[in-house]
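Since the structure comes first, as C-alpha cells, the remarks are kept for the end.
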There are 2 protein chains.
Amino acid sequence: MYSEAMSTPERLIESTRELLWERGYVGTSPKAILERADAGQGSMYHHFKGKPDLALAAIRRTAEQMRATATAVLDGPGTPYERIEAYLRRERDVLRGCPVGRLTMDPDVIASAELRAPVDETLDWLRGRIAGIVEEGKTQGQFAATLDAGEIAAAVVATVQGGYVLARASGSPAAFDAGIRGLLSLLAPRSS
Amino acid sequence: MYSEAMSTPERLIESTRELLWERGYVGTSPKAILERADAGQGSMYHHFKGKPDLALAAIRRTAEQMRATATAVLDGPGTPYERIEAYLRRERDVLRGCPVGRLTMDPDVIASAELRAPVDETLDWLRGRIAGIVEEGKTQGQFAATLDAGEIAAAVVATVQGGYVLARASGSPAAFDAGIRGLLSLLAPRSS
DNA sequence: GTCTATATACCGATAGAC
DNA sequence: GTCTATCGGTATATAGAC
C-alpha cells in the first residue's frame, strides 16, 4: 500500500492521516488503520500509546503540511491581491474537504485540548499570515485603509472552509468556486 | 427529558436531532438516542426502520427549521444590504456549529443520497434566497452592477459555514464574528 | 406499542509468546 | 518489533413475549 522503504510507524501515521481526512476521528477505527497500513495490532500499540496518540502524530503532520502548502502560494510573486487570489484559486481536491478544518466538526477532537491545539494553531497561523498580506496591500494603497486586516483574513479563510461545506453538500466543486469568485469580486482593487 | 405531552416518535426525533448536531451521524448510536429519549429499543424499531430512517426524519426537521429561521430574518425590513447584514449578524450558538452544514463532514451522510438531499436542498435554497436579495440590491443601485448575485450569495453562506470552523478551532466565537465583519466591510455600499 | 432476550460484529486496549 | 489471544463493552438489529 505504501513504499516498501516506509517504516511501520510511518505507514501507521500515513494511513491514519488518510482516514482522518476521509472519515474523521470518530469514524476511524484502529482496525481500519491497521488494515490500510498492513500492520498488526501489536505494532500499533508498540509504537503508539493508543488511538489518540497516533491521531495526534497524524494531525500534527497534516497541519505542518498545510502550512507548507499555504506558504508556497502566499510567499509567491505578485501584489498582495494577487497572492491572496493565488491562495484562493489554488488547486484543491474540493470534495475531499480540508483535512485540518474538518476536524473541528469532530466532537472527540474538540473535546481534547491536545488534539485541538494543532488545528487551532494552523488556522490561526493562516489567518495571521493572510492578515499580514492585507496589511501590505493597505500600505501600498491596493486595499482601502478602512479595512481591518484581521477581519479580511478571517473572511478569506472562512470562505474557503465554508466553500468545502457547500461543495460537499451539493456533490460538486461549483459552489466552492462560486464563493471564491464572489469574495474576490468584493476584494478586487478598484480598476483605477 | 422532554414535555410529557410529547409522543415517543417525537422524543426519538428530537433526541436524534440533538445528537446529530453534537456528535454527527457516525458519532451517534441508537443506544445514546434511546437513553436521551427515555425510550426502549423496541419502540425505536417499531416506529422507524433503523438508524438511517430515524436520522432522515431528524435531518428533514432540522433543515425545515433552518429555512424558517433564515426566512424570518431575510424577509425582514430594511434595504437588501441590511437584510443580509441581519442574516449574518443573527444570534447564533456559534460554538455548536451549524446543525445542517456539519453533516457535510459526515462520511455516511455524504455517501447516502437520501440523507444528503435535505442538506443540499437547504443550503441551495439559502443561496438562492440570498442571491435574490443581492439582485434586488443591484437593481436599486445599492450593490455594484458588476457583482454576480449567485457568487456573492455563495460567499455569504460560505463565510458563515467557515466561520463556525474557525470558531470551533479556536474555542471562541470571536473568529466567527471577525469573518462576518470582514465580509460586511467588503459588501458595504459606498458611503454616498 | 413497548419490553426483554439474543445475535453477530466491531471497538479500543492489554498480555504474553516469539 | 510483531504476532495471536483475550477482554469487557458497544453497535445495530431481530425475535418474540406481553
Side-chain angles (χ1 to χ4, degrees), chain A residues 1-59 103 106-112 114-116, chain B residues 1-59 103 105-112 114-115:
Chain A
M1 221 131 191
Y2 295 107
S3 152
E4 286 172 26
M6 215 162 158
S7 69
T8 298
E10 278 300 311
R11 291 202 316 277
L12 286 168
I13 291 176
E14 287 304 312
S15 75
T16 303
R17 266 157 42 84
E18 292 175 8
L19 282 163
L20 286 180
W21 195 355
E22 291 168 23
R23 306 196 39 86
Y25 183 85
V26 168
T28 296
S29 69
K31 191 191 180 199
I33 293 169
L34 297 174
E35 268 167 21
R36 195 173 291 217
D38 195 26
Q41 210 142 15
S43 296
M44 168 173 157
Y45 284 100
H46 174 75
H47 295 289
F48 300 93
K49 290 195 204 82
K51 179 180 168 180
D53 188 44
L54 176 49
L56 182 58
I59 292 172
L103 297 171
D106 230 301
D108 293 3
V109 170
I110 293 306
S112 156
E114 256 201 314
L115 293 180
R116 185 169 64 81
Chain B
M1 220 131 191
Y2 296 107
S3 153
E4 287 174 26
M6 216 162 156
S7 68
T8 299
E10 277 302 310
R11 291 202 316 276
L12 287 167
I13 290 176
E14 287 305 311
S15 75
T16 303
R17 266 157 43 86
E18 291 175 8
L19 283 163
L20 285 180
W21 195 356
E22 290 168 24
R23 306 197 38 86
Y25 182 86
V26 168
T28 295
S29 70
K31 192 189 178 199
I33 292 170
L34 297 174
E35 269 166 20
R36 193 173 292 217
D38 195 27
Q41 213 142 16
S43 295
M44 169 173 157
Y45 284 101
H46 174 75
H47 294 289
F48 299 94
K49 290 195 203 82
K51 179 181 167 180
D53 188 43
L54 175 50
L56 181 58
I59 292 172
L103 297 171
M105 295 304 145
D106 231 303
D108 292 4
V109 171
I110 293 305
S112 155
E114 254 200 316
L115 293 179

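The figures that follow rest on heavy atoms only: side chains count, while hydrogens, waters and symmetry mates do not. Quick note on labels: first sequence line is chain A, next is B, and so on, each numbered from 1.
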Inset, instruction - Check salt bridge (charged side-chain N to carboxylate O under 4.0 Å, His left out) between A/Glu10 and all other residues, then give those that pass, not counting sequence neighbours. - result: A/Arg61
Inset, instruction - Return no unless some side-chain N or O of B/His46 is found under 4.0 Å from OP1 or OP2 of C/dT2. - result: no
Legend entry - Whole angstrom value for the distance that separates C1' of C/dG1 from CG of B/Leu12: 12 Å
Legend entry - For A/Pro52, side chain to side chain contact (heavy atoms under 4.5 Å, CB included) partners two or more places apart: A/Tyr25
Inset, instruction - Output yes when at least one side-chain N/O atom of B/Thr8 is less than 4.0 Å from OP1 or OP2 of C/dG1, else no. - result: no
Inset, instruction - Determine: side-chain N/O of B/His47 to OP1/OP2 of C/dT2, distance under 4.0 Å, yes or no. - result: yes
Legend entry - Sequence-distant partners of B/Glu22, salt bridge (charged side-chain N to carboxylate O under 4.0 Å, His left out), two or more places apart: B/Arg36
Inset, instruction - Describe, as an angle rounded to 10 degrees, how the axis at the first end of the helix from C/dG1-D/dC18 to C/dC18-D/dG1 is tilted relative to the axis at the last end, five pairs per end. - result: 0°
Inset, instruction - Round to the nearest Å and state the distance from B/Glu35 atom CD to D/dA11 atom P. - result: 9 Å
Inset, instruction - Could you name each residue pair satisfying side chain to side chain donor-acceptor pair (under 3.5 Å) that touches residues 41-53 of chain B, not counting sequence neighbours? - result: none
Legend entry - Straight-line distance of A/Thr8 OG1 to A/Ile13 CD1, nearest 0.5 Å: 11.0 Å
Legend entry - Protein-nucleotide distance (A/Asp38, atom CG; D/dT2, atom C1'), rounded to Å: 12 Å
Inset, instruction - Could I get the full list of side chain to side chain donor-acceptor pair (under 3.5 Å) partners for B/Arg17, not counting sequence neighbours? - result: B/Glu14, B/Thr62, B/Gln65
Inset, instruction - Using a 4.5 Å cut-off on heavy atoms from C-beta on, say whether the side chain of A/Leu103 contacts that of A/Ile110. - result: no
Inset, instruction - Produce a footprint string for nucleotides 4-18 of chain C: one letter per nucleotide, 5' end first; B if the base is under 4.0 Å from any protein heavy atom, S if only the sugar-phosphate is, - if neither. - result: ------SSSBB----
Inset, instruction - Examine distances only and state if a side-chain atom of A/Thr16 and a backbone atom of A/Leu12 form a donor-acceptor pair shorter than 3.5 Å. - result: yes
